[in-house]
Amino acid sequence: MRVLIDECLPRKLKRELSEHDAKTVAEMGWTGIKNGALLRLMAEQFDAFITIDQNMQYQQNLQNAPLGIILLSAFSNRIEDLLPLVPRLRAVLPTLQAGMIVRIAINEIPPEDK
């Protein structure tokens with residue numbers, strides 16, 4: 001799966017997704033591009049977008065997006081706080097389809113996965 005990691009997430013998150021073709025917004029040269037324009041750019045090259053921007057789902061019409069969106073919700077955007085979400089992220093990515101919005105939150109992880 002071709003995955004784009006938002007600029008508000010640590011680049012180290014890419015290492016956790018080695019089974020996918022993952023790129024960061026910075027690697028694509030898209031740093032600073034607003035969400036609407038970013039969605040248009042990534043739609044042509046990616047299947048999934050991972051972000052921690054909880055407002056994105058309210059600012060954009062994501063149900064019609066030509067790719068799937070994963071919203072991570074953790075205590076912060078530090079890699080240490082995001083790592084507990086990675087097993088669920090890995091499980092969700094293969095099933096993600098265009099127009100799907102999946103929220104993965106720290107308080108939604110089953111106790112045996114924490």
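Remember, predicted model here, so these are calculated numbers, not experimental data.
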Practice problem: Take Val86 and Leu13 through the test side chain to side chain contact (heavy atoms under 4.5 Å, CB included) and record every step on the way to the result. | Solution: CA-CA 9 Å; Val86 169; Leu13 185 60; 4.0 Å; yes
Exercise. Quick one: do Val3 and Ile70 satisfy side chain to side chain contact (heavy atoms under 4.5 Å, CB included)? Show the steps, please.
Key: CA-CA 10 Å; Val3 178; Ile70 298 177; over 6 Å; no
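Proximity of Met28 to Gln45: side-chain heavy atoms (C-beta onward) are separated by under 4.5 Å at one or more points. The shortest side-chain heavy-atom distance between Leu39 and Met42 falls under the 4.5 Å cut-off.
In this structure a side-chain-to-backbone donor-acceptor pair under 3.5 Å is present from Asp47 to Arg2. In terms of modelled atom types and a separation under 3.5 Å, the side chain of Glu7 and the main chain of Gly32 share a donor-acceptor contact.
With sequence neighbours excluded, the residues satisfying side chain to side chain donor-acceptor pair (under 3.5 Å) with Ser76 are Asp81.
Of all heavy-atom pairs spanning Val25 and Phe49, the tightest one is CG2-CE1, 4.4 Å. Residue Cys8 comes nearest to Asp53 through the heavy atom pair SG-N, 4.3 Å, listed as atom of the first residue, atom of the second, then distance. In plain terms, the two heavy atoms of Ile52 and Ala74 that are nearest each other are CD1-N, 4.5 Å. Among all heavy-atom pairs drawn from Glu27 and Ala22, the shortest one is OE1-O, 4.2 Å. Taking every heavy atom of both residues into account, Val102 and Leu96 meet most closely at CG2-CD1, 3.7 Å. Residues Pro66 and Ala43 come closest through the heavy atom pair CG-CB, 3.1 Å.
In this structure, the separation between NZ on Lys12 and CZ on Arg78 is 10.0 Å, given to the nearest 0.5 Å. How far CG of Leu41 is from CZ of Phe46: 10.0 Å, rounded to the nearest 0.5 Å. Note that CG of Leu82 is 6.5 Å distant from CG of Asn77, once rounded to the nearest 0.5 Å. A distance of 7.5 Å separates NE2 in His20 from CG in Leu89, rounded to the nearest 0.5 Å. Taking CG from Leu67 and CE from Met100, the interatomic distance works out to 12.0 Å, rounded to the nearest 0.5 Å. Atoms CD1 and CG, on Ile104 and Leu71 in that order, are 9.0 Å from each other to the nearest 0.5 Å.
Among residues at least two apart or in separate chains, salt bridge (charged side-chain N to carboxylate O under 4.0 Å, His left out) pairs with a member in residues 89-102 are Glu16-Arg90, Glu19-Arg90.
Considering Asp6, Leu4, Leu85, Leu9 in turn, Leu9 is the only one that fulfils the side-chain contact (heavy atoms from CB on, under 4.5 Å) rule with Ile50.
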